[in-house]
Structures are given as structure tokens and as C-alpha cells.
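Quick notes on the structure that follows.
Sequence lines set the chain letters: A, B, ... in the order given, protein chains first and strands last, and positions in each chain run from 1. All figures in this text were calculated on a predicted structure; none of them were measured in a lab.
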Amino acid sequence: MRWSKTLLETLKETPAEAEIVSHQLMVRAGLIRKLAAGLYNYLPLGFRVIRKIEQIVREEMDAAGAVEVQMPILSPAELWQETGRWSKYGAELFRVKDRHERDFALGPTHEEIITDMVRKSVRSYRQLPINLYQMHTKFRDEIRPRFGVMRAREFIMKDAYSFDRDDKGAEDAYKKMFETYQSIFKRCGLRFKAVEADSGAIGGSFSSEFMVLADTGEEAIASCTKCSYAANVEKAQGRIASPNIQEAPQEKKLVATPGKHTVEEVAEFLQVPITRLAKTMLYFADGKLYAVVIRGDREVNEIKLKNAIAATELVLANPEQIKQATGAPVGFAGPFDLKGIEKVLLDDSLEGAVNLVSGGNQADTHATGVNLGRDFTPTEVCDLRVAQAGDLCPSCGEPLTIERGIEVGHVFKLGLKYSQAMKATFLDEAGKEQYCVMGCYGIGVSRIAAAAIEQNHDEFGICWPLPLAPYQVVLLPVAPKDPKAREMAEAVYAELQAAGVEALLDDRDERAGIKFKDADLIGIPLRLTFGKSVAENKIELKRRDQKEAELVPRLGIVARIKMLCADMLSAGA
RNA sequence: CGGGGUAUAGCGCAGUGGCUAGCGUACCUGCUUUGGGAGCAGGGGGUCGAAGGUUCAAAUCCUUCUACCCCGACCA
């Protein structure tokens with residue numbers, strides 16, 4: 001491509017609204033342009049990157065035996081009502097009406113649609129297993145779109161759905177996709193990690209996320225320093241490292257703690273370690289109140305709680321609800337004598353603990369010597385806390401560390417959730433009707449572009465990994481006085497194109513400095529400069545990821561570039 | 001949804017009631033320059049987010065609306 005023939009405008013200044021580096025660079029390098037909140041135009045350069053990612057995903061999915069289809073973006077409300085997600089998906093589901101006032105959703109994911117497609121076609125076990133996928137635009141009405149295409153309202157996703165005869169087949173399909181995802185992200189040149197995850201609104205029994213490691217990632221990952229255990233902190237089960245002290249139970253006593261609301265204030269005031277506090281939190285879920293008792297230094301993991309009580313909506317109780325249940329204002333709740341509480345759940349950080357300090361259920365009062373079983377009895381004991389660095393690995397007992405990541409892929413074991421709700425069945429060898437066992441597998445195509453930049457950039461701009469680069473080589477003729485430089489650049493450009501190398505010729509009438517700055521900004525992996533050295537039939541070759549350039553002879557330049565590209569491609573794989 | 005902020009040229013910004021609304025950058029023309037975001041000269045580009053109001057006079061004051069950005073959405 002000739003620079004002068006495409007729409008490629010770079011910005012010297014960073015747009016005020018872009019917060020993270022990938023967003024800033026994508027706008028400055030002319031990859032994307034915002035249309036409205038969470039909606040972006042992909043300009044030619046950015047679209048080429050999307051195409052590169054899609055192609056890698058497509059090749060690997062096809063190699064894994066999946067079959068590509070395409071489903072409409074609009075889907076009728078009836079299908080969503082069949083599974084109950086029309087009401088359960090919440091405000092994130094983009095709803096629209098047609099001229100006849102019929103309800104539709106802009107697809108955020110397509111389980112209902114694909115299940116409908118399959119139930120209409122599949123009748124026999126002979127048609128299974130099958131794995132269908134599409135690459136398409138998805139819509140989610142995010143509360144707060146931000147970070148450019150990283151969290152947009154409209155984005156490109158690859159979504160695949162597997163249908164199997166039994167659990168064993170579904171398990172195999174899941175494993176196959178897990179492996180396929182590993183090769184996809186490797187081929188994209190990303191540093192990533194697969195982690196156990198909560199399955200959220202999609203549902204199902206088990207899921208893994210693929211995280212691109214980056215400090216700006218929105219997700220936190222707990223991983224073991226020794227074994228291979230890694231999980232999203234939403235899911236991670238860190239065993240508590242410091243055990244609770246054993247001693248003889250004391251009398252329960254109420255003590256005045258005027259104005260001391262937070263655990264830090266209370267621990268300081270009563271001179272007890274913060275781990276001795278039993279923090280009592282009240283939650284309101286699906287019309288009922290729940291109490292959660294957790295060690296003072298720990299935080300409630302609302303996703304674990306939501307799963308423990310099978311809630312669809314969960315919020316902290318408001319001050320009136322707290323007053324009613326405890327008889328006290330916010331800040332003085334204790335686990336005993338609660339009114340109107342559906343369940344009292346105890347985080348297992350406090351299992352076996354004695355002589356705790358909790359709120360006294362009276363204003364400005366806390367209780368000491370609170371003991372499990374005598375002063376209160378939890379309905380359930382389970383893990384309800386957010387894992388922390390230093391917690392012990394659930395599989396090998398070594399300490400966990402916390403790092404951050406960008407979720408680029410998610411694979412789910414769905415089981416029968418959708419096939420039962422929507423009656424997607426087939427006849428087995430015995431002529432007996434069976435439900436399809438499903439799995440689903442997503443990849444954020446547009447998010448990969450942003451994630452790759454988060455991982456691959458420097459102070460001058462993007463440094464694309466070769467497999468995702470919009471062009472492999474950029475050619476800069478920089479000696480306008482010397483027609484030979486331009487001629488040679490044109491000739492090499494033609495030869496590269498003939499050889500199948502994706503080349504961008506900067507044929508603009510610009511000064512050398514501008515061309516160098518722009519080439520660095522847009523991050524093409526290889527740069528050829530046609531300047532002074534053309535007089536000796538030499539061309540300057542520089543890799544974007546290296547500091548030093550080298551002079552290479554004009555003769556054999558194309559072979560040299562092809563070899564370099566091949567090397568850089570396989571380096572990622 | 002709550003709070004805060006912003007809206008003036010493609011981008012970044014100035015302009016607190018008074019002449020034709022400005023600066024940097026980008027864009028166009030010419031000359032010079034030419035290996036890391038050149039210099040000089042000339043030029044084009046704005047219903048100052050929208051509507052209404054106050055005033056002799058409004059980008060500027062008031063009201064309403066819209067869009068966008070940030071923070072928060074209760075850890076007792």
C-alpha cells in the first residue's frame with residue numbers, strides 16, 4: 001500500500017480522553033476513531049490488524065474441526081425468554097423494538113440463537129459432535145465504556161458453541177478448544193495465562209479465562225508460585241496463611257466504641273489484632289437479607305456469595321434494612337440476634353476461631369468474647385472471601401501471587417443449561433431422546449488488538465508482533481534530492497509485493513524526521529530506509545524492536561526480508 | 001443510578017458583557033530547507049454543543065436539554 005493512497009493520519013498530540021496507552025496509541029497511530037461512547041470506527045490500518053487476528057483465529061478454529069457460520073445481530077426476545085435471560089441478563093442487554101413494537105435484542109452472545117439453530121437441524125447422534133463458530137459484532141450496553149476498544153459497547157468477538165452426545169464428548173470438545181486457544185494466543189505473539197474463572201451470566205459448570213498479562217489489565221489473577229494453579233480472583237480459593245489462635249472461650253461482653261465504625265478503628269480502639277474481628281456484612285439478594293461473617297482483614301467476594309446463595313441480584317443492604325435487622329446504625333452489626341435474615345453465612349477464615357470481636361447490634365457498641373456455636377450459629381460455612389497475595393495455593397499449599405491481566409478469551413462447560421431450557425435433543429443409538437451437552441468459547445478479537453499494544457509498545461509508539469502487524473515492512477525514501485532513492489524504494493516495493501510481503505511505502509512528500517516518527521508510531525516490525533546509502537547500492541534495515549540498524553545490499557533484499565518475516569512469525573508460535 | 005467536570009477550527013487549548021473570536025498544531029499555495037515531528041511569507045476552515053431567556057450588546061450571565069469525560073455505586 002502507498003501511504004498517499006490510504007486513509008492514514010497520525011496525531012502528534014494525545015487525545016485528552018484516552019487514558020491507557022493502547023487507547024492513546026490506537027488513536028494517534030490512526031487505527032481507530034471514536035464515533036460515540038463505546039463505538040469506534042476502524043480506519044484502514046486498524047482494520048488490517050483486526051483482519052490479521054480474525055485470520056489466525058479462523059485458521060486455528062478450522063484446524064480444530066469447528067465450522068464457521070453467521071447469525072444475525074438482532075435476535076427475537078422469544079428466544080431469550082425461553083432461557084430466562086431476557087430478564088436475567090440485565091441492563092447490559094441492548095433491547096430494541098421494531099416498527100410493530102416487537103422486542104429484539106442486539107446480541108451480546110449467541111447461546112440461544114445457536115441452540116435454536118441446532119435443535120432445528122440435529123435429530124440424530126450421527127450428526128454429533130459439532131462445533132459451530134462465527135466472527136461477528138457483539139453489543140453490550142456497558143455501564144461505563146472506557147479504554148477505547150478494550151471495553152466498548154460494540155466489539156468484535158469470535159464465539160463458538162460445541163454440541164456433544166455426552167459429558168465425555170463435551171469434555172473432549174472443551175479440552176480441544178482449550179488447546180486451540182493456547183495456539184491462537186501464541187500465534188498472536190501474546191504473553192498470556194489460562195486461569196480458572198467464574199462463569200457469570202453465561203452459566204455452566206466450569207470455565208477458564210485466557211488473560212493477556214499487563215499491569216493495566218482490569219482483571220486480577222491469583223497464581224501459585226510453585227504449581228500451575230491460576231485463577232481469576234473472582235474464583236480463586238486462597239487458603240488462609242495465618243491460623244486462628246486457640247484459647248479458652250471468654251464471656252461475651254458489650255463494650256462502648258463510640259464513633260468507631262470501620263474494622264481498623266475498632267481494632268485500634270480495643271487494641272486487638274484486626275484478624276480477631278468478625279466483620280458482619282448484610283446483603284440484600286432477590287428480596288431477602290443475608291448476613292456474611294468474615295474475618296476483619298478480609299473482603300467479601302460478592303461473586304462467591306452470589307453463587308453460594310444462588311442469587312441473581314445482589315447488593316449491600318441499605319441503612320434502613322440494616323437498622324431493621326440489627327437494631328443499630330451502619331457499622332455496628334454483629335452475627336447474633338439478627339431479625340429477618342434468610343441465612344447467616346460464615347467465611348471459613350473464621351472456622352474454629354474463638355473470642356471474636358464483632359458489632360454489638362447497638363449504636364456505638366461492639367461485643368468481645370463472641371464465640372461460634374454459643375453466641376451465634378451460621379447456616380453455612382464456606383469460602384466467601386477475596387483471595388490475597390500470600391494466601392496458600394489450594395492444590396499445593398505454596399503462596400499465591402496476584403498479577404493483572406486483560407481477558408481475551410473465555411471457554412465454558414455449559415452442560416445442559418441451554419439444551420434443556422430450549423429442548424435441543426437428539427436420538428441416541430437406542431432411539432432414546434437425549435439433551436445435547438454444550439460448551440461455548442469466546443475470543444475478544446478487537447480486544448486482542450488493544451491487549452497486544454499494552455504488551456508491545458515503547459515511548460515512540462506501537463511495536464506490533466509480526467503476526468498482528470498491519471504491514472510487515474515499511475519503506476521510507478528519505479533523500480528527495482536523489483531520485484535514485486525514490487526509484488530504488490519503488491522497485492523494492494514492487495518486488496516485495498510480488499513476493500507476497502505486506503509492504504507500506506511512505507511515498508508522502510514529507511521530511512525524513514516525520515517519516516521516521518510516524519513509522520515508529522504505527523509500529524511496523526521492519527523498516528527499510530532509502531537514503532544516503534543508495535549511492536553504494538545499500539539499504540538501511542531496522543527492526544522496530546531493536547535499537548540498531550544495519551546496512552544491507554540492494555541485491556537479495558527481498559529474500560532477506562522474507563527470511564526475517566519467517567523468523568519473526570515462528571518466534572511467536 | 002449518584003457526584004464532579006467539560007463542550008470554542010481535524011487535534012490540543014486560550015478567551016468572565018463591548019470592534020471582524022484567538023493561539024499552537026494539522027491543512028492549502030509559494031520560496032528556502034531536507035536522516036529523527038524545519039524556516040519564512042501568504043491562505044482556507046467556526047451557526048463558540050442545542051433551545052429558550054436577560055441585555056442597547058451574549059462564546060461570556062440565567063434556565064432547560066443533549067453529548068462526552070472522570071470518580072463513585074456503600075467492605076460496617
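Residue K34(A) places at least one side-chain N or O closer than 4.0 Å to OP1 or OP2 of rC69(B). Listed pair K532(A) / rG35(B) fails the phosphate criterion, with no side-chain N or O lying under 4.0 Å from OP1 or OP2. Applying the 4.0 Å criterion to OP1 and OP2 of rC1(B), one finds that R144(A) has every side-chain N and O outside that range.
Each of rG35(B), rC75(B), rC71(B) was ranked by its minimum atom distance to the side chain of T529(A); first place goes to rG35(B). When the nucleotides rC75(B), rC1(B), rG35(B) are ranked by their closest atom to the side chain of S533(A), rG35(B) comes out on top.
Contacts of A37(A) with the nucleic acid, taken as non-hydrogen atoms under 4.0 Å apart, involve only primed sugar atoms and P, OP1 or OP2. Using a 4.0 Å heavy-atom distance criterion, A479(A) is classed as making no nucleic acid contact. Residue I322(A) is classed as a base contact, given a heavy-atom separation below 4.0 Å to a base. Within the nucleic acid shown, R527(A) comes within 4.0 Å of at least one base atom, counting heavy atoms only. Counting non-hydrogen atoms under 4.0 angstrom, R385(A) reaches nothing in the nucleic acid. Residue I294(A) is classed as having no contact, given no heavy-atom separation below 4.0 Å to the nucleic acid. If you check every strand for non-hydrogen atoms under 4.0 Å, D518(A) touches a base. Within 4.0 Å of V263(A), counting heavy atoms only, lie sugar-phosphate atoms of the nucleic acid but no base atom. Residue G531(A) is classed as a base contact, given a heavy-atom separation below 4.0 Å to a base. Residue contacts shown for E540(A) include a base, since a base heavy atom lies under 4.0 Å away.
Rounded to whole Å, the C1' atom of rU16(B) lies 6 Å from the corresponding atom of rU60(B). rG35(B) and rG22(B) have their P atoms separated by 37 Å, with the value rounded to a whole Å. When the C1' atom is used for both rU8(B) and rA21(B), the distance is 8 Å, rounded to whole Å. As rounded to the nearest Å, rG5(B) and rC61(B) have P atoms that lie 14 Å from one another. rU33(B) and rC40(B) have their C1' atoms separated by 11 Å, with the value rounded to a whole Å.
Along RNA chain B, the nucleotide nearest to K542(A) and the one nearest to R33(A) differ in position, and the one closer to the 5' end is contacted by R33(A). Of the residues near RNA chain B, L282(A) and P145(A), the one whose nearest nucleotide (by heavy atom distance) lies more toward the 5' end is P145(A).
For the residue pair I539(A) and F530(A), the shortest heavy atom distance occurs at CD1-CE2, 3.6 Å.
Rounding to whole angstrom units, CG of residue N318(A) and P of rC75(B) are separated by 14 Å. When the C1' atom of rC69(B) is taken as reference, atom CD1 of I143(A) falls 17 Å away, rounded to whole Å. The distance between atom CZ of R486(A) and atom C1' of rU34(B), rounded to the nearest whole Å, is 13 Å. Here the C1' atom of nucleotide rG35(B) and the CG atom of L528(A) are 15 Å apart, to the nearest Å. Rounded to an integer number of Å, the gap from R146(A) CZ to rC69(B) P is 11 Å.
Look at rC65(B): its Watson-Crick or wobble partner, with both distances under 3.5 angstrom, is rG49(B). Across all strands shown, rG2(B) forms a Watson-Crick or G-U wobble pair, both distances under 3.5 Å, with rC71(B). In this entry rG22(B) has rC13(B) as its Watson-Crick or G-U wobble partner, both defining distances falling under 3.5 Å. Partner assigned to rA38(B) is rU32(B), using Watson-Crick or G-U wobble distances below 3.5 angstrom. Across all strands shown, rC27(B) forms a Watson-Crick or G-U wobble pair, both distances under 3.5 Å, with rG43(B).
A distance-only check finds no donor-acceptor pair linking the side chain of T6(A) to the backbone of L8(A) [under 3.5 Å]. Although no hydrogens or angles enter the test, the distance criterion places a donor-acceptor pair under 3.5 Å between the side chain of N361(A) and the main chain of G334(A). W464(A) places a side-chain N or O within 3.5 Å of a backbone atom of I522(A) that can act as its donor or acceptor partner.
Side-chain contact, Q250(A) with T368(A): no donor N or O sits under 3.5 Å from an acceptor N or O. A donor and an acceptor atom, one from each side chain of Q24(A) and T14(A), are nowhere located under 3.5 Å apart. Side-chain N/O atoms of N232(A) and D198(A) include no donor and acceptor closer than 3.5 Å.
Other residues, nucleotides and ligands place more than 12 heavy atoms under 6.0 Å from the CG atom of L254(A).
For residues 382-391 of chain A, the pairs satisfying salt bridge (Lys or Arg N to Asp or Glu O under 4.0 Å) are R298(A)-D391(A), K304(A)-D383(A), D347(A)-R385(A), D348(A)-R385(A), D383(A)-R385(A), with sequence neighbours left out. Within the structure, the salt bridge (Lys or Arg N to Asp or Glu O under 4.0 Å) test picks out the following pairs touching residues 4-29 of chain A (sequence neighbours left out): E9(A)-R33(A), E17(A)-K34(A).
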Interface polar pairs with nucleotides 22-30 of chain B, N/O, under 3.5 angstrom:
from    : atom 1 : to     : atom 2 : distance (Å)
rG24(B) : N2     : E13(A) : OE2    : 2.9

